[in-house]
Amino acid sequence: MSVVAVAHPNIAFIKYWGKVMDDPNKINWALNPSFSMTLDRAQTQTRIRLSDHFEFCLNGNPASEADTKKLLNYLAMLEKELKVEPLERALSIDSKNNFPTAAGIASSASAFAALCLAYLGLRWGEENATAWCKQNLAEFSRLCRLGSGSACRSVAGGYMYWEGSHAVTWQCKLKLFDTVLILSSEKKKVSSRDGHLTASQSPLLAERLQNLPARSRSMMESLKLAENAHGTPQADIAFSEFGRLLEEEALEMHSLTQKAPQPVEYWSDETRKILTALREKSDRNYFFTIDAGPNLHLISMQPVASEVRSLCKEVGVSAEIWEDSTGGPPRFIPDVEI
Ligand code: PMV
């Protein structure tokens, strides 16, 4: 018996940055609501099989002790939440990303969404699990959150808004593009837990929490305007306003961390070079956001990869480019070699 589930990562437009620390009843509980878009091309595929011995492979290699511990904790938590007896047989789990691990694409989101769905499929059968997730999206989202906060926004495809225990779908038909500039392929040096800690302790947090609802609202209104006026100059104007807010939000997330009592610097010299070049380019139709790493995500209504490639050349930065766009929900796929 084996199942294979696929889930896509998401890119946050309003960042989950700062969480409740050390309260066992508030695991991965964000200090602020966040808002994101699911990706399409990037995905995690996770296969779970019943086996005679436990096995956990990540991207083709045996997982580290730390990752194995995280996985086993999560599975134990799932059993408890679902009120199911532990399985009598061991699990063999194989999880693979099709995107570069250090791309600055939050792989923990797609990893836990795929793992959670695969586990439900193994326990209940694929059809039942698919129907349950559809009918109980809030609960599915909550279960994914227990693995990694951002995973609760990878449960439905399109756009998702997360507040409190789970995320909900935000309806918008706009297809957006995410051109990821991979400036460094080094693994993140600071864990996301430590990143969230810097945000929770930052002197800038109180003001951020006050300003966020208005920014979030304006961002969603701009996207709605761009959706309704699609194909007209009004859509471009609305999208530029969305982009202004997107960049303001990314810069705020990073200044929170740069000004924390134990500051963390995620940007590299290359990140700064690109940021300077973008600042000088006033006529752009693509806008940046940056997660907990040095790489930039450029969000646009049209594909912009070739333009972005020229920009990198102009400023002498070598970057790998990952092109993505708005994607769909997690699902089961036939058990082929992954
Ligand atoms: O889910 P975590 O703990 O890996 O946190 C993700 C945090 C950011 O990617 C930086 C922002 C976000 O909202 O996805």
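For ligands, and for the atoms within them, numbers begin at 1 and follow the listed sequence. Computed from a predicted model, the values in this text were never measured in an experiment.
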A12, portion touching ligand 1 at heavy-atom distance under 4.0 Å: side chain
Against heavy atoms of M253, which atoms of ligand 1 measure under 4.0 Å? 10 (C)
List ligand 1 atoms under 4.0 Å from S192, heavy atoms only on the residue side. 2 (P), 3 (O), 4 (O)
Relative to atom 12 (C) of ligand 1, which among R153, R193, K15 owns the nearest non-hydrogen atom? R153
H254 and W267 aromatic ring geometry - parallel, tilted or perpendicular at 30°/60° bounds: tilted
Are R331 and H8 close enough that a side-chain donor and a side-chain acceptor fall under 3.5 Å? yes
Considering distance alone, does some N or O of Y16 sit under 3.5 Å from an N or O of ligand 1? yes
Flag for N10-R153: side-chain donor and acceptor within less than 3.5 Å: yes
What do we get for K19 next to ligand 1 when only non-hydrogen atoms under 4.0 Å count, side chain, backbone, both or neither? neither
If the cut-off is 4.0 Å to any non-hydrogen atom of H196, which atoms of ligand 1 fall inside it? 2 (P), 3 (O), 5 (O)
Please name all residues satisfying ring pair (Phe, Tyr, Trp, His ring centres under 6.0 Å) with F140, sequence neighbours left out, ordered by chain then number. none
Heavy atom of S34, distance to ligand 1 below 4.0 Å: no
Begin with the C-alpha distance, continue with both residues' side-chain angles, and end with the deciding distance and a verdict on salt bridge (Lys or Arg N to Asp or Glu O under 4.0 Å) for D52 and R89. CA-CA 6 Å; D52 47 17; R89 292 185 61 193; over 6 Å; no
Need the ligand 1 atom indices (1-based, order shown) with element for anything under 4.0 Å from a heavy-atom of S108. 4 (O)
Flag the pair F112 / Y74 as yes when their ring centroid distance falls below 6.0 Å, and as no otherwise. yes
Would you please indicate yes or no on a ring centroid separation below 6.0 angstrom for Y286 and F177? no
